[in-house]
Amino acid sequence: MDVGAAVVEHAHAKLNLFLEVLGRRDDGYHELETVMHEIDLADRLTVAPADRGATLTCDDASLSCDDDNLVLRAVHALENRLHRELPCRIHLEKRVPMGAGLGGGSSDAAATLRALKRLHELELADEELEDVAATFGSDTAFFVRGGTQLCRGRGEILTPLPHREDLRFVLVLPALHMATATVFAALRLTVEKRDGYAFKRSFARGAAPAELRRHAFNRLEEPARATEHVIDALLRRLARENARLSGSGSTVYALCDDDAHAHALAERIARDGGPATLVARSAPRRRDA
Ligand code: C5P
């Protein structure tokens, strides 16, 4: 089998711009309606050919590189699907904070699938990669496609929205790892649901950030606030900015009007002795999208 030179893939982080929980499912998961949006903050994966086996190294010593890492789980899931070995040496440069609701681990897994497809020149449709990705995470399929997607089901049923490259964000990163399962467990389901239509429509027609902020929503904020006082305090402090939680946290983000607004807000948070911040923007549109 011909295998070329090493390939590089960027594994972008995401923000949930809208998230409603529609109900609890028989399989223990929750039925979601969420808009996920890729941002320019990204890990970098280099996947090189190897004679046999799959190995992973990482520049962040706190990350376990054994078989329970999502990157190696992605390799093995694709090998099982194709009934063949996909030897490779993978190096991961970690930039996306972990346990932060930014999807870093899932994005690494999806980037691994994309890289293996290129490295081994696999004849595989994106839908097949998404199908494999969905076997080991609820938001992994999103990262195979990227851009902006409306995600339903557990998060794996995707409908594309026209991706926007113009949005600016301040990410506020409390030093907290939130366990998604714990936040979902603390959720009290309500009868009344927030309809995502207004957000989707505003987003798709290129509405200004102020309008998007009015329609943005995350049902998981309430259980996350109840679980972690720090999140509650942060969302209160940034209420004027209409800040939202991403996923189940711990990242709180503000959708800003422009670069100047984003930098001024980040400086204000630093001056006030707040948590670490990152100024981010929408990810560029994927070349193949
Ligand atoms: O699929 P993933 O590993 O990301 O999910 C982590 C946990 O989050 C699940 O075990 C489940 O408790 C919760 N979850 C959920 N409903 C979803 C996605 C995740 O209840 N749609």
Side-chain angles (χ1 to χ4, degrees), residues 11-39 43 63-64 66-78 80-81 92 94 96-113 129-146 148-159 176-191 193-196 199-200 217-228 231 244-251:
H12 288 272
K14 58 84 178 162
L15 294 172
N16 296 81
L17 303 182
F18 178 91
L19 191 161
E20 177 59 290
V21 181
L22 301 176
R24 198 170 283 123
R25 301 161 35 132
D26 291 342
D27 61 6
Y29 283 84
H30 291 80
E31 196 70 18
L32 302 182
E33 180 176 39
T34 181
V35 174
M36 301 222 256
H37 178 71
E38 263 190 323
I39 56 172
D43 295 339
L63 191 73
S64 147
D66 53 24
D67 273 347
D68 62 2
N69 188 296
L70 276 176
V71 166
L72 290 180
R73 283 175 62 191
V75 178
H76 299 316
L78 191 56
N80 287 340
R81 179 66 63 109
L92 173 60
K94 200 75 200 153
V96 179
M98 292 178 262
L102 298 170
S106 301
S107 189
D108 293 341
T112 303
L113 297 177
L129 283 191
E130 285 164 25
D131 203 42
V132 174
T135 62
F136 52 84
S138 299
D139 57 2
T140 330
F142 163 77
F143 289 107
V144 173
R145 261 198 228 181
T148 307
Q149 310 278 337
L150 173 67
C151 311
R152 292 204 179 92
R154 278 191 303 136
E156 84 288 14
I157 303 171
L158 309 176
T159 309
L176 263 185
H177 286 224
M178 301 281 278
T180 305
T182 308
V183 176
F184 271 103
L187 172 74
R188 280 175 307 153
L189 282 171
T190 52
V191 180
K193 301 292 174 204
R194 182 69 77 98
D195 185 359
F199 182 85
K200 285 179 289 188
F217 179 75
N218 184 348
R219 179 65 67 189
L220 295 178
E221 278 169 20
E222 194 191 303
R225 293 172 95 137
T227 308
E228 285 290 350
I231 299 294
R244 302 264 69 93
L245 190 72
S246 183
S248 57
S250 57
T251 301

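Atoms within each ligand, like the ligands themselves, are counted from 1 in listed order.
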Inset, instruction - Provide, to 0.1 Å, the distance between atom 13 (C) of ligand 1 and the closest protein heavy atom, together with that atom's residue and name. - result: F184 CD1, 3.5 Å
Inset, instruction - Provide, to 0.1 Å, the distance between atom 18 (C) of ligand 1 and the closest protein heavy atom, together with that atom's residue and name. - result: S138 OG, 3.5 Å
Inset, instruction - Determine whether the side chains of H12 and S107 contain a donor N or O and an acceptor N or O closer than 3.5 Å. - result: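 No.
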Legend entry - Any side-chain donor near an acceptor of the partner, D68 and S64, under 3.5 Å: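 Present: a donor and an acceptor within the cut-off.
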Legend entry - Lys/Arg-Asp/Glu bridge criterion (N-O < 4.0 Å) met for R154, D139: no
Inset, instruction - Classify the contact between Y29 and ligand 1 as side chain, backbone, both or neither, using a heavy-atom distance cut-off of under 4.0 Å. - result: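 Contact part for Y29 vs ligand 1: both backbone and side chain.
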Legend entry - Geometric cation-pi criterion R73 and F136, 6.0 Å radius, 45° cone: no
Inset, instruction - Output yes when a side-chain donor or acceptor of E156 lies under 3.5 Å from a complementary backbone atom of G153, and no otherwise. - result: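 Checked: no pair found.
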Legend entry - Heavy-atom nearest neighbour of atom 8 (O) of ligand 1 within options L32, T180, T140: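 Closest candidate by heavy-atom distance is T180.
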Inset, instruction - Run the numbers on R152 and L158 for side-chain contact (heavy atoms from CB on, under 4.5 Å), then give the verdict. - result: CA-CA 6 Å; R152 292 204 179 92; L158 309 176; over 6 Å; no
Legend entry - Sub-4.0 Å protein heavy atom next to atom 3 (O) of ligand 1: no
Inset, instruction - Heavy-atom contacts with H30 under 4.0 Å: which atoms of ligand 1 show up? List them by number with element. - result: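 Matching atoms, with element in brackets: 15 (C), 16 (N), 17 (C), 20 (O), 21 (N).
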Legend entry - D139, any N or O under 3.5 Å of ligand 1 N or O: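 No; the residue has no nitrogen or oxygen that sits under 3.5 Å from a nitrogen or oxygen of the ligand.
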